[in-house]
Number of protein chains: 2
Amino acid sequence: MLSVRLDSPVPIGEQILAGIRALIALGSLNPGDELPPVRQLAGDLGVNLNTVARAYRALEADGLVRTARGRGTRVTAATERPTGSPAEVRARLESTLTAAVADMKLAALSRDDATQLIADLLNRYWPDANQKGEPS
Amino acid sequence: MLSVRLDSPVPIGEQILAGIRALIALGSLNPGDELPPVRQLAGDLGVNLNTVARAYRALEADGLVRTARGRGTRVTAATERPTGSPAEVRARLESTLTAAVADMKLAALSRDDATQLIADLLNRYWPDANQKGEPS
DNA sequence: CCCAATAGTATCATACTGTGATACTATGGC
DNA sequence: GCCATAGTATCACAGTATGATACTATTGGG
């Protein structure tokens with residue numbers, strides 16, 4: 001439920017960070033849940049404990065977890081996570097999503113395929129009462 | 001029509017690469033168009049010419065441009081761009097889009113806002129006869 | 001109350017990557 | 001043939017990511 005590719009061009013630490021971010025955002029890790037101790041996760045992934053520790057600190061800087069020496073690291077409640085200003089949030093999202101759209105076009109998807117792919121992902125990870133999709 | 005942030009944590013070269021990729025994918029640069037000479041673009045952006053040259057080579061490795069010493073670099077026809085195997089394309093897209101969905105959830109968007117934002121982007125960058133949106 | 005176990009932190013070393021300075025080679029027009 | 005143009009190669013350097021190791025804080029059992 002979290003893996004890293006040591007040979008990837010994207011740094012291991014960032015993979016860990018992004019992976020845990022996604023686990024929290026998409027609901028595999030819930031508020032109050034405890035993250036594995038840095039040594040354990042580091043051992044499981046085959047990386048240095050500092051690499052994991054740094055990822056935890058980045059998550060804490062984002063307000064996604066709260067960490068305390070000797071007691072571990074746990075996921076914060078969604079309500080206590082600061083979000084940036086709406087303008088900068090929107091700007092960041094736009095550039096991320098624009099890149100995603102570019103990727104889809106370069107992958108030679110049809111627009112319908114793209115729409116479908118997105119709809120599937122939203123249904124899978126962001127279930128909504130008004131939608132008929134079932135979360136995995 | 002292409003800018004870089006020198007102080008960004010994402011490397012300048014990657015910004016250039018991603019920027020040009022997007023310009024090509026989204027139609028601001030069309031097949032046959034010539035990219036600016038490395039020295040010119042480097043000067044405009046205030047970076048070293050090698051940084052631009054490396055981005056150009058990465059684009060060429062992706063098949064998005066063709067480059068020739070002394071003659072410049074131009075955008076290839078879409079038909080001569082290799083796409084990876086459907087499986088790996090889909091895998092790459094899924095991970096990109098999943099991260100984007102995670103970002104949107106963390107930004108505390110409502111699902112409706114997210115859907116709308118995506119629809120807007122698709123209409124803007126991927127006009128389609130069956131859609132009523134107008135490209136910018 | 002102390003000690004051991006647990007869990008995150010600090011410091012330092014090192015390899016790698018990104019960027020830049022500079023010199024080189026290929027192409028095309030006059 | 002020469003010159004301007006345009007990409008390439010080589011080397012140096014700085015910053016970043018990762019790792020080795022030692023340290024500090026918290027908790028619970030005896």
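Treat the numbers as computed from the prediction; the structure is a model and nothing was measured. All heavy atoms count here, side chains included; hydrogens, waters and symmetry mates do not. To find a chain, count down the sequence lines: A is the first, B the second, and so on, and within it residues start at 1.
Interatomic distance, CG of L49(A) versus CD of Q40(A), reported as 12.5 Å (0.5 Å rounding). T96(A) contributes atom OG1, which lies 6.0 Å from atom CG of L93(A) (distance to the nearest 0.5 angstrom). We find the CE-OG distance between M104(B) and S110(B) to be 10.5 Å, quoted to the nearest 0.5 Å. Put simply, CG on L23(B) and CG on D33(B) are 10.5 Å apart, with the number rounded to the nearest 0.5 Å. Considering OG1 of T51(A) and CD of E14(A), their distance stands at 12.5 Å, rounded to 0.5 Å.
R57(A) comes within contact range of the sugar-phosphate backbone alone, with a heavy-atom separation under 4.0 Å but no base atom that close.
Among R81(B), R21(B), R57(B), the one residue that satisfies the side-chain hydrogen bond (donor to acceptor under 3.5 Å, both in side chains) test with D62(B) is R21(B). The only option from I16(B), L64(B), T73(B), T76(B) that meets the side chain to side chain contact (heavy atoms under 4.5 Å, CB included) definition with L59(B) turns out to be L64(B).
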Inset, instruction - Check step by step if side-chain contact (heavy atoms from CB on, under 4.5 Å) holds for E34(A) and R71(A). - result: CA-CA 10 Å; E34(A) 188 158 354; R71(A) 270 178 308 158; over 6 Å; no

Inset, instruction - Run the numbers on N30(B) and I24(B) for side-chain contact (heavy atoms from CB on, under 4.5 Å), then give the verdict. - result: CA-CA 6 Å; N30(B) 295 293; I24(B) 294 174; over 6 Å; no

Legend entry - W126(B)/T115(A) under side-chain contact (heavy atoms from CB on, under 4.5 Å): CA gap, chis, key distance, verdict: CA-CA 11 Å; W126(B) 205 336; T115(A) 305; over 6 Å; no

Legend entry - side-chain contact (heavy atoms from CB on, under 4.5 Å) assessment of L41(A) paired with I20(A): CA-CA 11 Å; L41(A) 184 53; I20(A) 299 177; 4.3 Å; yes

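Residues of residues 43-51 of chain A having a heavy atom closer than 4.0 Å to DNA chain C, listed by number: L49(A), N50(A). A heavy atom lying under 4.0 Å from DNA chain C marks the following residues of residues 28-40 of chain A, by number: P37(A), V38(A), R39(A). Interface residues of residues 6-20 of chain A facing DNA chain C, ordered by number: none; criterion, heavy-atom separation under 4.0 Å. Using a 4.0 Å cutoff on non-hydrogen atoms, the parts of residues 61-76 of chain A near DNA chain C are T67(A), A68(A), R69(A), G70(A), G72(A), T73(A), ordered by number.
Legend: residues meeting side chain to side chain donor-acceptor pair (under 3.5 Å) with R39(A), ordered by chain and number and at least two apart, are absent.
Hydrophobic clustering keeps V10(B) apart from V52(B) (ILVMFWY residues linked when any side-chain heavy atoms are closer than 4.5 Å, directly or through intermediates).
Residue R74(A) qualifies as enclosed at atom CZ: its count of foreign heavy atoms under 6.0 Å is above 12.
Between Q116(B) and D120(B), the side chains place a donor N or O and an acceptor N or O closer than 3.5 Å (distance only, hydrogens not considered).
First and last contacts of DNA chain D with chain A, using any nucleotide atom under 4.0 Å from a protein heavy atom and ordered 5' to 3', fall at dA17(D) to dT27(D).
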